[in-house]
Amino acid sequence: MGVKYNDKEKQFHLFNEKISYCLGVSPDGEVGHLFFGKRINEDQTLPLLQSRGIRPLMCNLKEDEDYTKELALLEYPAFGNGDFRSPAYEVLQGNGSRVTNLTYHSYDIYSGKKSIPGLPAAYTNSDDEATTLEITCRDDVAGLEVVLFYTIWEKYPIISRHASIRNVGTDQLTIERALSCCIDFPDQDYNWLQFQGAWGRERVPVERNLSDGITAIESMRGHSSANYNPFVIVKRANTDEENGEAIGIHLLYSGNFLAQAEGDVYGRLRFEMGINPKWFSWPLKGGESFETPEVMITYTKSGLNDLSQNIHSFINNHIVRSNYKNKPRPILLNNWEATEMNFDEEKILNIARKGKEAGVELFVLDDGWFGKRNNDYAGLGDWFVNTNKLPNGIAGLSKKINELGLKFGIWIEPEMVNEDSELYRAHPDYVLGAPDRARTLGRHQMVLDFSKKEVVDNIYDQLYGVFADTDISYVKWDMNRSITECYSLGGDPDKQGTVYHRYIMGVYDLYERLRKAFPEILFESCSSGGSRFDAGILHYAPQTWCSDDTDARERIRIQYGTSYGYPISSIGAHVSASPNLQTGRATTIDARANVACFGTFGYELDLNEISEEDFERVKEQIKFMKEYRELLQFGRFYRLSSPFKKNLSSWMVVSKDQSTAIVAIYKDIKQPNEPVSLIRLQGLKETALYTLNGEKEFYGDYLMESGIPSIWNEEPWYATEGDFTSKIYVLKSNVTK
Ligand code: DGJ
């Protein structure tokens with residue numbers, strides 16, 4: 001692993017055992033792209049894939065009439081100088097010009113990787129895990145310097161990139177576009193896989209063909225959103241789960257974003273990703289710099305399961321920071337669907353007691369414990385206990401919960417305020433809102449202006465008081481509306497284009513301060529379910545509530561889609577009541593648990609209200625989860641059969657030593673006289689003999705080449721039961737290597 005520099009040709013080759021990423025200086029001094037893909041020999045000089053010989057209507061400099069940027073592959077292209085594709089950045093200069101031209105200036109190579117001030121970023125645990133190349137480019141006319149950061153990871157087919165934009169002159173500059181990366185592919189025979197949805201149906205994989213023209217997804221909601229996830233896969237059309245080339249690109253950012261692929265008419269493809277340039281405008285005085293968020297670019301030639309497995313492991317080892325890093329997550333019981341805001345201490349203790357009896361480890365008190373919070377109209381912003389509901393305070397309740405032998409967790413929504421709150425009455429200027437205009441509400445609430453430090457400080461002080469006073473082990477951080485009228489009241493009119501970004505920096509700042517003050521707390525992020533599920537937020541909160549839709553059937557789809565870009569240990573998944581609150585659909589308690597166990601696992605219902613038979617099943621489920629959660633949450637995860645394509649869907653996890661695996665098979669709709677299908681397993685040791693649920697025995701090769709049949713002669717599970725049934729198989733062998 002490392003970076004090889006060819007001084008004569010001015011070429012840089014980042015490589016590890018699996019991948020190569022190569023760049024070099026183009027004839028006009030700009031940094032050009034040479035290659036990205038499977039590892040190639042690092043000793044060769046690579047051709048600049050730029051056709052020479054000027055063509056009609058193409059533009060060139062007088063000094064080199066044979067060279068045009070229009071045909072070049074570039075690393076961080078500019079606007080207005082002959083490359084007519086989308087630029088990676090745009091800078092408005094004092095004289096009104098937006099034309100810039102960055103040329104290569106110098107480089108630096110070092111072991112390890114730097115953090116990015118105020119932003120999430122992948123990190124090394126020791127310097128030998130990664131090598132970083134910094135390329136400095138300059139535009140002396142504009143007084144502009146851009147440093148391009150590239151980190152190659154020793155054990156992962158992953159490149160981390162971001163850019164730092166500096167004003168090295170004296171005149172003020174305004175950054176109007178500052179994307180995190182541009183990847184120019186030499187051909188455009190790719191498909192694009194995006195993860196889209198809405199509340200209750202998040203991260204559905206949708207594949208689109210990339211041809212000429214622009215394909216893009218974005219968020220302008222102020223959070224990464226359920227609509228489009230800031231993770232896309234650029235893949236060959238025939239790449240499937242087991243075979244083929246694909247590149248996954250994550251933006252480590254939780255605010256407005258843009259991901260775009262532009263096919264040009266010369267058969268090339270430009271991929272770009274970063275902060276959404278819409279209503280982004282960042283004044284930069286002499287001496288100041290701006291850091292773009294980081295992108296994580298993962299490569300595979302071995303199919304989408306391989307891509308996801310590398311992503312899962314990388315996020316767990318190099319993005320997540322928490323005392324719970326790589327540790328099994330506590331089995332929790334949350335009161336939201338059981339009580340909503342209608343509870344008192346006794347009701348809560350009653351639910352918690354039953355949870356303890358079932359084997360739950362952590363009780364989470366959701367929305368409704370603070371201020372005048374009896375409904376959606378009041379209380380947000382007032383982070384002190386509602387003593388009408390909890391006369392002994394949060395500290396008193398948590399003590400009683402602890403005495404039951406349970407840990408205690410709490411819900412917060414720190415970025416929001418209700419009109420009916422002490423905070424808003426005291427500080428009406430703390431909210432985002434355009435001057436002299438009505439404010440749009442969402443769930444009757446307004447968004448606090450987290451671009452202002454005093455607002456973040458106020459919320460920090462309030463929350464610090466609650467956390468310091470109480471034995472809190474877990475915090476669910478919610479965010480239940482998108483941002484509108486994004487204007488910072490009383491702020492400089494010239495700086496309003498910075499507010500969306502400063503807002504999310506404020507969120508990260510509050511997370512960071514609370515994390516540091518209370519390192520023992522497990523944070524779970526949430527945004528009306530999974531509307532802020534991104535790789536950036538996982539740097540602060542290692543798990544995210546995946547969706548408010550806890551229906552067993554829907555959850556298979558939501559968790560399946562989420563697994564492409566995010567580890568199983570990050571997927572908040574609970575068993576809730578049946579019929580389901582969101583869909584009205586009835587499913588068995590096992591159908592619900594068989595999905596939730598491929599996640600952080602917990603319950604979201606009043607266990608006093610289920611049948612004795614179901615309660616016995618809950619006890620068994622918790623026992624099972626305690627035995628296998630490490631494998632379920634951190635094992636090698638394979639998608640086997642897609643719920644978006646098949647009536648029988650399936651996934652599995654395999655332990656590192658291949659001795660244990662857990663397979664789940666889910667049936668959607670019961671058909672009469674149904675066909676027999678086989679689910680082919682993956683990741684097993686071919687020569688190992690596996691026992692399935694302690695009964696049948698098969699060798700790994702058979703299970704992978706033939707598969708588990710949907711109908712066993714002596715076990716007609718699929719034949720007799722109805723819709724939405726499922727089955728879990730635990731496979732064990734005595735393989736140790
Ligand atoms: C939305 C979350 O997704 C739910 O789980 C719950 O916490 C509610 N908010 C509470 O208001």
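Just so you know, ligand 1 is whichever comes first in the structure, and atom 1 is the first atom listed for that ligand.
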Separation of Tyr566 OH from Phe231 CZ (nearest 0.5 Å) | 7.0 Å

Consider every N or O of Glu604 and every N or O of ligand 1, then say whether any pair is closer than 3.5 Å.
-> no

Please state which protein non-hydrogen atom is closest to atom 4 (C) of ligand 1 and give its distance, to 0.1 Å?
-> Asp548 OD1, 3.4 Å

Stepwise salt bridge (Lys or Arg N to Asp or Glu O under 4.0 Å) check, Lys372 with Asp382 | CA-CA 8 Å; Lys372 284 200 330 196; Asp382 294 346; over 6 Å; no

Any nitrogen or oxygen of Arg373, main chain or side chain, under 3.5 Å from a nitrogen or oxygen of ligand 1?
-> no

When you look for heavy atoms under 4.0 Å from ligand 1, do you find them on the side chain of Glu524, its backbone, both, or neither?
-> neither

Minimum-distance protein heavy atom relative to atom 6 (C) of ligand 1 | Asp366 OD1, 3.4 Å

Just how far is it from atom CZ of Phe195 to atom OG1 of Thr562, taken to the nearest 0.5 Å?
-> 9.0 Å

From Glu554 atom CD to Thr583 atom OG1, the distance as rounded to the nearest 0.5 Å | 6.5 Å

CG of Leu605 to CG of Leu581, rounded to nearest 0.5 Å, is 11.0 Å

Using a strict 4.0 Å cut-off to heavy atoms of Cys526, name the atoms of ligand 1 that fall inside it.
-> 2 (C), 3 (O)

Run the numbers for me: atoms of ligand 1, each under 4.0 Å from some heavy atom of Ser528, listed by number.
-> 1 (C), 3 (O)

Given that the side chain starts at C-beta and the backbone is N, CA, C, O, which of these parts of Asn480 lies under 4.0 Å from ligand 1, counting heavy atoms, or is it both or neither?
-> side chain

Of the choices Asp367, Val364, Asp478, which has the non-hydrogen atom that lies closest to atom 8 (C) of ligand 1?
-> Asp478

Stepwise, does the salt bridge (Lys or Arg N to Asp or Glu O under 4.0 Å) test hold for Arg373 with Asp367?
-> CA-CA 8 Å; Arg373 188 74 166 167; Asp367 193 356; 2.9 Å; yes

Would you find a donor on one side and an acceptor on the other, under 3.5 Å apart, between the side chain of Arg329 and the backbone of Lys327?
-> yes

Number the atoms of ligand 1 from 1 as they appear, then name those within less than 4.0 Å of a heavy atom of Trp545, with their elements.
-> 3 (O), 5 (O)

Is there a heavy atom of Met341 sitting under 4.0 angstrom from any atom of ligand 1?
-> no

Should Gly529 be counted as touching ligand 1, given the test is an N or O pair under 3.5 Å?
-> yes

Enumerate the atoms of ligand 1 whose separation from the nearest heavy atom of Lys476 is less than 4.0 angstrom.
-> 4 (C), 5 (O), 6 (C), 7 (O)

CZ of Phe450 to CE of Met416: how many Å apart, nearest 0.5 Å?
-> 8.5 Å

Crowding at CZ, Phe624 (>12 non-hydrogen neighbours, <6.0 Å) | yes

Looking only at distance, does Trp336 have an N or O less than 3.5 Å from an N or O of ligand 1?
-> no

